[in-house]
Amino acid sequence: MTAISLGSLLYEGKAKRVYATDQADLVAVEYKDDATAFNALKKAQLAGKGELNCQISARLFELLERDGIPTHYLGMPQANWMHVRPVRIVPVEVVIRNTAFGSLCKQMPIEPGTPLDPPLLDLYYKDDAFGDPLLTDARLERLGLLSADQRQQLERLALAVNTSLRRFFAAIQLQLVDFKIELGFTGSGDLVVADEISPDTCRLWDLQVADAQDRILDKDRFRQDLGGVVEAYGEVLKRVQGACPNPRLGK
Ligand code: UDP
C-alpha cells in the first residue's frame, strides 16, 4: 500500500476483503484467490486469480470513468489492491445479457447463443441465504430498496455500462455475452457502479476461436471444470492491457 494505513476489516465476501483506512473517504479492497460457484457449493483456490481480476477490473473502471460513467473506483495501489470510495451497496444484482446463456436458458425456452437485441436486463435480490432470486417489479417495490427514480437511474447506468464495455470488448475480439454489476450510493447520495468487473462477473467469448468450449475466457471454465481458468483470465488481461489506460495508483 502507499501512504494509506489499513484499518479494520469491514466486510469479507467470497472474492474480496474490504478494509477501512485512515481516510474517511477511502476504503481498500483486497482481491482474493478464492474461486466459488453455485452459491459457494463449489470452492477452490486459484493462485493469481485475485491479482488478475483486480488488474482487469481497475482498467475497466478506468474505461467507464473515461466514458462518463460514475464508479466507486479511485485507483490501484498494488497488483491485488484497489482503492474505492465507500458506498452503501444496493442489494440488487443487475444482469445484462447480450447473448442468451447460463441461467436464462435453463429458465426459458431460449437456445444458448441466441442474440438478444435489445439486451435483456434482469434484477436479482442479492442475498445468498435466499439464493439470489430473480426479482419482479412487485417484489422490488415490496422490498422498498429503491425509489422509482433510483431504479430508473440504476437501469440507465447499467445499460450505459453495457454499451461501453461491449464496444470495448468487441475491439479486442471478445464477445460480451452477459455480465453482473452491483451499484451503490456514495455518502452524498450519488449512485455509482461498484464491486468488480472481471471474468468472474462477465461471460467473455474469444471471437477468434470457433470451438464452443475453447472460446470461453471466464468463470464458466471453473463452473464447468474446463481447466485453464487462470490462463483464460490472463488472456483477457493481456488484451485489456493493450487497449485500456493504465490504472492510476490510488492515493
Ligand atoms: N453472475 C455473477 N454473480 C452471480 C450471478 C451471476 O457475477 O451471483 C454473472 C455471471 O458470471 C454471468 C451473468 O452474471 O456473467 C449472468 O449469470 P446467470 O444469471 O446466467 O447465472 P449462472 O448461469 O452464472 O448461474
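First listed ligand is number 1; within each ligand, the first listed atom is number 1. Keep in mind that the numbers below use all heavy atoms, side chains included, and drop hydrogens, waters and symmetry copies.
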**Student:** List every atom of ligand 1 that sits less than 4.0 Å from any heavy atom of Asp132, numbering the atoms from 1 in the order shown and giving each element.
**Tutor:**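 Atoms satisfying the 4.0 Å criterion: 8 (O).
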**Student:** Establish, for the pair Lys49 and Tyr31, whether the NZ or CZ atom is under 6.0 angstrom from the six-membered ring centre and no further than 45 degrees off its axis.
**Tutor:**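 Ring-cation test returns no.
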**Student:** Between Phe61 and His72, how do the two ring planes meet: parallel, tilted or perpendicular, split at 30° and 60°?
**Tutor:**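 Correct class here is perpendicular.
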**Student:** Considering only NZ, NE, NH1 and NH2 on the basic side and carboxylate oxygens on the acidic side, decide whether Glu30 and Lys16 come within less than 4.0 Å.
**Tutor:**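 Looking at Glu30 and Lys16, the cut-off is not met.
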**Student:** Take every heavy atom of Lys106, measure it against each atom of ligand 1, and state whether any distance is under 4.0 Å.
**Tutor:**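 Contact absent.
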**Student:** Any heavy atom of Lys126 sitting closer than 4.0 Å to ligand 1?
**Tutor:**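 Heavy atoms of Lys126 never come under 4.0 Å of ligand 1.
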**Student:** In terms of residue, atom name and distance, what is the protein heavy atom nearest to atom 24 (O) of ligand 1?
**Tutor:**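 Protein heavy atom at minimum distance: Arg203 NH2, 3.1 Å.
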**Student:** Which residue owns the protein heavy atom closest to atom 18 (P) of ligand 1, what's the atom, and how far is it?
**Tutor:**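 Of the protein heavy atoms, Ser103 OG, 3.3 Å lies nearest.
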**Student:** Identify whether the distance between the nearest side-chain nitrogen and carboxylate oxygen of Arg221 and Glu231 falls below 4.0 Å.
**Tutor:**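 So Arg221 does not pair with Glu231 through a salt bridge.
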**Student:** Within the 4.5 Å heavy-atom criterion, are Tyr73 and His83 side-chain neighbours or not?
**Tutor:**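 No, too far: nothing below the 4.5 Å cut-off.
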**Student:** Any atoms of ligand 1 less than 4.0 Å from a non-hydrogen atom of Gly102? List them with their elements.
**Tutor:**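 Ligand 1 atoms under the 4.0 Å threshold to Gly102: 20 (O), 23 (O).
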**Student:** Any carboxylate oxygen within less than 4.0 angstrom of a Lys/Arg side-chain nitrogen, looking at Arg17 and Asp34?
**Tutor:**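 No, Arg17 and Asp34 are not salt-bridged.
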**Student:** Should Lys219 be listed as contacting ligand 1, given a heavy-atom distance under 4.0 Å as the test?
**Tutor:**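 Contact absent.
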**Student:** Any idea which protein heavy atom is nearest atom 5 (C) of ligand 1, and the distance to it?
**Tutor:**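 That would be Glu93 OE1, 4.1 Å.
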**Student:** Considering only protein heavy atoms, which is closest to atom 10 (C) of ligand 1, and at what distance to one decimal place?
**Tutor:**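 Looking only at protein heavy atoms, the one closest to atom 10 (C) of ligand 1 is Arg223 NH2, 3.5 Å.
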**Student:** Parallel under 30°, tilted from 30 to 60°, perpendicular over 60°: which one fits the rings of Trp205 and Phe101?
**Tutor:**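 Answer is perpendicular, since the angle exceeds 60°.
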**Student:** Could you check Thr21 against Gln23 for side chain to side chain donor-acceptor pair (under 3.5 Å), going step by step and ending with a plain yes or no?
**Tutor:** CA-CA 5 Å; Thr21 70; Gln23 302 202 9; 5.9 Å; no
**Student:** Considering only heavy atoms, does Val95 approach ligand 1 within less than 4.0 Å through its side chain, its backbone, both, or neither?
**Tutor:**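 Answer for Val95: side chain.
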**Student:** Provide, to 0.1 Å, the distance between atom 13 (C) of ligand 1 and the closest protein heavy atom, together with that atom's residue and name.
**Tutor:**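 Of every protein heavy atom, Asp178 OD1, 3.4 Å lies nearest to atom 13 (C) of ligand 1.
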**Student:** Quick one: which of Lys14, Lys180, Glu196, Arg97 has a heavy atom closest to atom 3 (N) of ligand 1?
**Tutor:**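 It is Lys180 that holds the nearest heavy atom.
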**Student:** Do the side chains of Glu62 and Arg66 get close enough for a salt bridge, i.e. N-O under 4.0 angstrom?
**Tutor:**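 Here Glu62 does not pair with Arg66 in a salt bridge, since their nearest N and O are not under 4.0 Å apart.
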**Student:** Under a heavy-atom criterion of less than 4.0 Å, does Asp200 contact ligand 1?
**Tutor:**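 A heavy atom of Asp200 does come that close to ligand 1.
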